[in-house]
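Reviewing the structure listed below.
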Amino acid sequence: MPELPEVETVRRGLNELTQNQQIEGGDVLLARTIAHPSSINDFLAGLKASKIIQWHRKGKYLLAQLSPGFGWLGVHLRMTGQLLWLQQDEPLQKHTRVRLFFAQNQELRFVDQRTFGKMWWIPASETPESVISGVKKLGPDPFDPEFTVDYLVEKLKNRRRPIKTALLDQELIAGIGNIYADEALFLSKISPTTLCTALSKEQISRLREAIIQVLQTSIEAGGTTFSNFLNVKGINGNYGGVAWVYNRNGEPCKICGSVLGRIKLAGRSAHFCPECQS
DNA sequence: GGTACTACCTGGAGGC
DNA sequence: TGCCTCCAGGTAGTAC
């Protein structure tokens, strides 16, 4: 499932491959993939003849700045979405949802098994924040200067919920999902069930450092190999081999040898070491 | 306002 | 082999 490092990996690949390329047309194979505008024809007409200037990332959202007057193209990969840069005559994947056609027979193909992924065309008269409600509510990116220890302390001080649940809240920190929340909590030696109100400033500082470290490591590895993440060139990432706890329940902890556990928190699985994170 | 729960959705895994 | 159930999880909507 794409989280910040995977989305960042995709963004870098898209900037490498699609910058200054002109969208010549498209095809929407699954209408509900298009979140805005409500008309598929308007979506395709709005993009036609635009050029991709640059891809940006806000949390897990990808935002393509289009040539002047054309606005923006927004994409969220959600659980299983993939953006692939292919030749148009390559056979369609089973779960192909949207195709955007470019010159020289090239294509940007949106493939999404579980159909949760979304795309938006935002006219130049509007902004991504005004059209995509999720973007408007995003907290700071973990690499933003405003993501400080003091910011986290302030945001967590009155929250009576488990820290694992808080880390998944995109209004608090943008871009963290289930995998990296578990990994960051392990690295900072904090149990996922610890209430935010019970965390000391020293623990919060450790957690902040761990979040940045784990995300940076994964970006450098090209994203995770968990699930079916592929970058734009269709290549799997390399983070899976270095996971400390995620999806390793029942296996020994790499630090102390204890059997790793898994619990449910707010409907999501949390993986942890009962000894290191006590 | 803060928090928890549920729906959305598909395919793989496991049980029978 | 075939059928059924459970599980995975990001976000939006809803309930408390």
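Every chain is numbered from 1, with letters handed out A, B, ... down the list of sequences. Predicted, not measured: the structure shown is a model, and the values here were computed from it.
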*Do the side-chain N or O atoms of A:K264 get closer than 4.0 angstrom to the phosphate oxygens (OP1, OP2) of C:dA8?*
yes
*Can you check whether A:R32 has a side-chain N or O nearer than 4.0 Å to OP1 or OP2 of B:dC9?*
yes
*Any donor-acceptor pair under 3.5 Å joining the side chain of A:R268 to the base of C:dT11?*
yes
*Enclosure of A:Q104 CD (heavy-atom neighbours >12, cutoff 6.0 Å)*: no
_For atom CG of A:L195 and atom C1' of B:dA4, their distance in whole Å_ = 14 Å
_What is the distance, to the nearest angstrom, from the CG atom on A:L168 to the P atom on B:dG2?_
18 Å
*Are the aromatic rings of A:W72 and A:H56 close, with centres under 6.0 Å apart?*
yes
*Is it true that A:D169 and A:R161 make a salt bridge, defined as a side-chain N closer than 4.0 Å to a carboxylate O?*
yes
_Given C:dG9, C:dG10, B:dG11, the nucleotide with the shortest approach to the side chain of A:Y246_ = C:dG9
*When all nucleic acid strands are considered with a 4.0 Å heavy-atom cut-off, which category describes A:G267: base, sugar-phosphate, or nothing?*
nothing
*Among B:dT3, B:dA4, C:dA8, find the nucleotide with the atom closest to the side chain of A:T165.*
B:dA4
*Is any side-chain N of the basic residue among A:E8 and A:R12 closer than 4.0 Å to the acidic one's carboxylate O?*
yes
*Of the nucleotides B:dG2, C:dT11, C:dG9, which one has an atom closest to the side chain of A:R78?*
C:dT11
_Pairing partner (Watson-Crick or G-U wobble, both distances under 3.5 angstrom) of C:dC4_ = B:dG14
*Atom-to-atom span, NZ of A:K118 to P of C:dG9 - whole angstrom*: 20 Å
*Rounded to whole angstrom units, what separation is found between the CG atom of A:L156 and the C1' atom of B:dT3?*
15 Å
*Nucleotide of B:dG11, C:dA12, C:dA8 approaching A:H95 most closely (side-chain heavy atoms)*: B:dG11
*How is A:R161 classified with respect to the nucleic acid when contacts are heavy atoms under 4.0 Å: base, sugar-phosphate, or nothing?*
sugar-phosphate
*Nucleotide nearest A:Q113 (side chain, heavy atoms from C-beta), chosen from B:dA4, C:dG9, B:dG11*: B:dG11
*asked:* Counting the atoms with a prime plus P, OP1 and OP2 as sugar-phosphate, which does A:K60 contact under 4.0 Å by heavy atoms, base, sugar-phosphate, or nothing?
replied: sugar-phosphate
*For the residue pair A:W121 and A:F70, is the inter-centroid distance of their aromatic rings smaller than 6.0 Å?*
no
*asked:* I want to check one thing: is the phosphate of B:dC9, taken as OP1 and OP2, less than 4.0 Å away from some side-chain N or O of A:T80?
replied: no
*For A:F116 and C:dT11, are the ring centres under 5.5 Å apart with planes inclined under 30°?*
no
*When the distance from CD of A:E171 to C1' of B:dG2 is rounded to whole Å, what number comes out?*
11 Å
*Grab the CD1-C1' distance between A:I179 and C:dG9 for me, whole Å please.*
10 Å
*Looking at A:S269, does any N or O in its side chain come under 4.0 Å of the phosphate oxygens OP1/OP2 on C:dG9?*
yes
*May I have the distance from A:L77 (atom CG) to C:dT11 (atom C1'), rounded to whole angstrom?*
13 Å
*Can you check the A:K136 NZ to C:dT11 P distance for me, whole Å?*
18 Å
*How far does CG of A:L63 sit from CG of A:L73, to the nearest 0.5 angstrom?*
8.5 Å
